[in-house]
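Every chain is numbered from 1, with letters handed out A, B, ... down the list of sequences.
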Amino acid sequence: MGARYGMVIDLDRCTGCGSCMIACASENNVPALPQASPRTGLTPVLVRKVSNGQSGAGRRETFIPIMCMHCEHETPCVKVCPQQAVELDKATGIVMQMPQRCLGCRYCMTACPYHARFFNWWDPAWPQGMEKSLNPGVAVRMRGVVEKCNLCHARLHAAKEKAAAAGKRDIDSSDYVPACVEACPTNAIHFGNLADPNDPVSKEARSPQAFRLLARLGTEPKVYYKSTENWVRNLAEPNSAQGSEVQHG
Amino acid sequence: MKLSRRDLLVWSAGAAAGLLATPVPWKILDDTSIWSQNWPWIPQPARCPVETRQSVCTLCPKGCGLRVRMAGGWAVGVAGLNTHPLSRGALCPLAYAAHQLNWHPQRLRVVQHRTNPSSWEQARAAFAKASKEGPVVIIDGYPGRAASALFETYTEGRDGNYCVVPSPEIRALTPYESWTGVPAHCLGYDLENTRTIVSFGAPLLDGWGTPGRFTRIWADRAAGRSDPELRLIQIDSSLSRTAARAWRWVRSREGTHAALASGLARALLEQNLVPAHGPIPATTLAESAVQCDISMEAILELGRSLVAKSPTLVIARDDSPAIAALNVLLGSVGARGGVVRHSQHSNLRSYTGSDVQNARAVLIDSSVPWNFMPQTDAEVFRFAAWHGASTKADWLLPAPGFLEELTDVPTPPASSLASYAVAPPLVKSATEVHSAAQFLSSIDARLIPTEKMIYTRCEDLFRRRAGTVHAHSAIPISELASVQKLVEQLWQGAVWVGEPSPDKLRCRLQEWPSATRSSPPDDGITDWIPPVMPALASKLYVESTLREAAERRKAWAPATAW
């Protein structure tokens with residue numbers, strides 16, 4: 001088995017600034033269309049605000065960045081795609097979306113338990129001239145297909161090219177950092193290889209404060225969260241989140 | 001065999017049904033779909049090599065270090081610069097889409113005179129005429145630059161006024177001006193060495209000061225720890241972003257921060273938690289508790305938290321003297337981990353409404369927040385790179401946009417050390433734009449151009465031989481061989497950082513300030529508001545509910561849609 005790229009997001013550090021959302025959109029040439037709404041917008045990383053459900057001085061809130069969890073086992077979107085447009089890359093553990101194969105049926109959106117997939121309703125468009133500011137390493141997002149986080153796959157390609165040019169087989173871990181990880185002003189998002197037991201991220205994922213969303217489904221998501229607060233950890237399973245309140249993004 | 005019409009129809013129907021069982025129609029459908037998804041008019045990114053340049057953000061005075069990815073002469077991506085000693089690799093959310101701002105539909109591309117297109121020649125003629133007829137006032141939002149020096153020189157020679165619209169961070173430091181004799185622009189907070197921070201509504205984790213500076217310190221020393229090395233106590237009427245992440249959130253009634261500060265000071269003195277050697281606040285603990293809707297015990301507990309881990313630093317959102325006086329009581333003015341002096345600037349005049357009373361013309365630099373509107377009958381010349389929702393300016397003059405202008409970056413507000421950087425022009429402007437300094441230089445040829453002034457400032461830094469240049473590594477300036485080397489480093493995105501000021505900051509408080517609510521500033525600005533937001537800000541404000549645009553911001557900057 002190759003690498004298993006994943007993340008540990010320290011919710012105690014997340015201030016809900018939204019830098020990850022904007023950096024992700026900028027890196028992946030996601031347009032900001034005037035007709036988009038919270039229901040129809042394209043936000044591969046979406047920060048949601050959650051609270052402990054209390055009011056007054058006892059109220060507590062935290063922010064949870066939600067993106068594709070890159071499920072390792074029985075990946076729901078892979079299982080339902082009739083076009084084989086989604087696959088789990090065995091070499092990296094990244095759940096890849098191939099827009100050229102996608103016919104836009106949106107079964108994968110229904111199947112995804114994390115609501116981390118978005119349908120692209122419109123042709124990409126920018127104000128006149130703004131196309132000059134697009135990232136040359138990434139294609140624009142085509143209409144009529146489902147989109148999601150691919151852990152900035154273009155950056156992985158660039159890191160591989162760099163390693164190949166230097167005559168190396170493996171990439172340098174510092175060369176492959178997704179845009180959201182790089183942008184986080186509090187270093188709340190940690191990225192690394194979960195298959196390497198010595199990787200700091202792998203160690204963090206095994207800490208008692210780490211948890212995964214909807215772990216009971218057995219899909220083995222590769223995005224972990226971390227919090228010292230019990231009420232936040234309890235949110236991971238909806239049944240135990242009584243009294244909590246989620247503000248949907 | 002005779003082929004009947006019926007046979008032909010049966011065969012055709014059979015062929016059509018059979019064709020559906022082959023991949024051909026589906027392949028055609030798929031290819032048509034892909035073809036229609038890639039119309040030739042859909043914009044495509046340029047295919048050219050990408051290089052990375054370093055610079056400093058000049059969208060606001062906080063001076064964050066940037067790594068700018070460039071392709072074909074245009075900026076195609078922005079990230080934080082890890083080697084920058086203040087921002088430490090972090091940026092505000094909007095900076096990640098700042099490279100798209102130059103193409104914003106509301107980019108100001110032509111000179112406008114009362115909403116009609118005009119020309120630079122006409123604007124120059126109008127300003128030159130006004131300058132001859134009466135006093136000129138120049139208003140700056142980013143003091144300390146070479147351009148600011150040029151503004152001062154221009155007004156000095158013409159019986160005019162140069163004044164500054166201070167940032168909220170500087171405004172919060174103004175009470176210390178009268179107590180220490182040091183201008184607020186020369187003061188800052190030693191956040192790196194403090195152990196307890198009490199914030200009276202200041203959004204420390206949400207865009208306050210240089211964004212990366214406090215967030216990085218907080219993340220390293222405070223986040224998620226039950227007994228952190230740095231305790232952040234947030235006093236707010238509602239659960240703000242900073243309050244949500246603070247070590248402790250103290251909920252007080254809206255607009256009662258000054259009363260709470262006075263009650264807290266009284267509690268500290270009565271409980272002998274601080275030495276009593278100054279004036280005593282008139283507000284009692286009980287009065288404060290009633291006004292703030294907090295129990296007396298909670299205020300006492302807050303007082304004990306203040307002194308449990310010192311040094312303690314109190315930071316206010318506004319210029320309330322009662323809150324600032326707490327730092328005097330705690331001995332935090334001029335002390336390590338408190339309010340410190342970073343440099344020796346001349347006194348800058350903050351804008352007041354009376355400045356523009358008798359002016360013939362008012363020139364507003366593009367660094368002034370868009371929501372600033374002087375109440376005057378004078379002719380107003382407003383420089384701006386983008387056209388916000390509304391303005392009362394007579395003249396709108398297109399200024400350089402993001403990374404389009406050579407400018408220097410002086411010490412950011414609230415910094416504890418002096419710093420100096422240069423933002424070189426990395427991209428060209430598609431239309432004719434001029435900064436306010438270039439505009440004035442074209443009217444008065446005696447003014448020294450900003451490029452030359454920046455070079456002179458580099459020479460001064462080199463002559464003093466103090467401080468460190470932070471490039472890929474930190475190099476003491478004394479180790480640089482020549483001023484050319486320094487200029488080279490600064491032009492490539494390095495930052496000069498000075499040493500702690502040797503001057504002792506002395507503070508004298510004659511009487512305890514009143515706990516009344518502070519009055520709104522003359523310019524009505526309590527927040528720094530840009531003319532427009534980057535289009536991708538819609539991810540935060542429109543395509544999700546992560547942030548709700550404040551009513552005022554909605555009025556001023558609705559232009560996330562285009």
Is the count of non-hydrogen atoms from other residues, nucleotides or ligands lying under 6.0 Å from Tyr107(A) atom OH greater than 12? no
Under a 4.5 Å heavy-atom cut-off, does chain B meet the side chain of Cys24(A), its backbone, both or neither? neither
Chain B contact via Leu42(A) - which portion, at a heavy-atom distance below 4.5 Å: both
How close do Pro136(A) and Cys48(B) get, heavy atom to heavy atom, and via which atoms? CB-O, 4.2 Å
Please classify the contact of Asn29(A) with chain B as side chain, backbone, both or neither, using a heavy-atom distance under 4.5 Å. side chain
State the CG-NZ distance between Leu46(A) and Lys539(B), to the nearest 0.5 angstrom. 10.5 Å
Tightest non-hydrogen contact, residues Gln100(B) and Ser133(A), listed as CG-OG, 3.3 Å
What distance separates Ser544(B) OG from Lys49(A) NZ, expressed to the nearest 0.5 Å? 11.0 Å
Run the numbers on Glu27(A) and Arg69(B) for salt bridge (Lys or Arg N to Asp or Glu O under 4.0 Å), then give the verdict. CA-CA 11 Å; Glu27(A) 169 72 18; Arg69(B) 280 185 296 154; 3.0 Å; yes
Contact summary for Asp12(A) and Trp218(B), nearest pair of heavy atoms: O-CH2, 3.4 Å
Where on Gln128(A) is there a heavy atom nearer than 4.5 Å to chain B: the side chain, the backbone, both, or neither? backbone
Where does Thr62(A) contact chain B at under 4.5 Å (heavy atoms): side chain, backbone, both or neither? both
Contact origin within Thr15(A) toward chain B - heavy atom pairs under 4.5 Å: both
When rounded to the nearest 0.5 angstrom, what distance separates CD1 in Ile22(A) from CG in Leu540(B)? 4.0 Å
Using the rule given for salt bridge (Lys or Arg N to Asp or Glu O under 4.0 Å), can you reason through Arg67(B) versus Glu182(A), listing the C-alpha separation, both sets of side-chain angles and the distance that settles it, and then say yes or no? CA-CA 12 Å; Arg67(B) 258 185 318 127; Glu182(A) 187 181 67; 3.0 Å; yes
